[in-house]
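Here's the structure, in structure tokens; my notes come after.
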Amino acid sequence: MNTAIPYLIVHDASAAIDFYRNAFGATEFVRLATPDGKIMHAEIRIGEAQIMVADEFPEMNYRSPKTIGGSPVSILLCVADVDKLWASATQAGATIVQPLADQFDGDRRGTLADPFGHTWLVATRREEVSPAELQRRFAVMMQTMS
């Protein structure tokens, strides 16, 4: 294997997996739990993306965003129909951080926070944009922001 796989530490891995199933259509493949039910390791897939999930184990320095007050990492989830995913994710309990909208880079994208403290950018590519056009659009956007 030669890939990068997000490994999400959460306060309640079982509930998080249920949320990811309902919000993003995740499928669970592996669940390894301690005798008291804490998940030490689980593997899910959202589309073709593999994501690993575990409960927090502070004694091993595995802490969730809720414990440490947030996470500097965001996950970009690219899907065929972002509007459909947006509806299911918000209905499942995701909080809107930035509204879903068409973006300068050719994506239709918005940002959600899951109930476990992780941030998800969800997007559908609407238009292929050349690097030169991307730079031009970015410059225009920067001018309108100042």
List in chain and number order the residues that pass salt bridge (Lys or Arg N to Asp or Glu O under 4.0 Å) with D83, two or more places apart in sequence or in another chain; answer none if no residue qualifies.
R108, R126
If I compare all heavy atoms of G117 with all of S71, which pair ends up nearest, and what's the gap?
O-CB, 4.3 Å
If you count heavy atoms of other groups shown closer than 6.0 angstrom to CZ of F104, is the number above 12?
yes
Could you tell me which non-hydrogen atom of A13 sits nearest to which non-hydrogen atom of A54, and how far apart they are?
CB-C, 3.8 Å
Testing the basics here: between G93 and P115, what is the closest heavy-atom pair and its distance to 0.1 Å?
O-CG, 3.7 Å
Hey, are the side chains of P65 and T67 touching, using non-hydrogen atoms and a 4.5 Å cut-off?
no
Side-chain donor/acceptor of H118 to backbone N/O of I9, under 3.5 Å:
yes
Atom pair CD (E133) and CG (D105), whose distance is rounded to the nearest 0.5 Å:
11.5 Å
Determine whether M145 and F138 fall in the same hydrophobic cluster, where Ile, Leu, Val, Met, Phe, Trp and Tyr are linked whenever their side-chain heavy atoms lie under 4.5 Å apart.
yes
Qualifying salt bridge (Lys or Arg N to Asp or Glu O under 4.0 Å) pairs with a residue from residues 47-61, counting only residues at least two apart or across chains
none
Side chain to side chain donor-acceptor pair (under 3.5 Å) against D107, all qualifying residues, sequence neighbours excluded
R109, R125
Sequence neighbours excluded, every pair satisfying ring pair (Phe, Tyr, Trp, His ring centres under 6.0 Å) that has a member inside residues 28-48:
Y7-H41
With ILVMFWY side chains joined below 4.5 Å, transitively, what does V122's cluster contain besides itself?
L8, V10, I17, F19, Y20, F24, I39, I44, I46, I51, V53, I75, L77, V79, V82, L85, W86, I96, L100, L112, F116, W120
If hydrophobic clusters are built by linking Ile, Leu, Val, Met, Phe, Trp and Tyr wherever their side-chain heavy atoms come under 4.5 Å apart, do V140 and V129 end up in the same one?
no
Cluster question for you: counting only ILVMFWY and a side-chain heavy-atom cut-off of under 4.5 Å, with indirect links fine, are I5 and V73 together?
no
The complete set of salt bridge (Lys or Arg N to Asp or Glu O under 4.0 Å) pairs with one or both residues in residues 19-38, sequence neighbours excluded, reads D18-R21, R21-E28, E28-R31
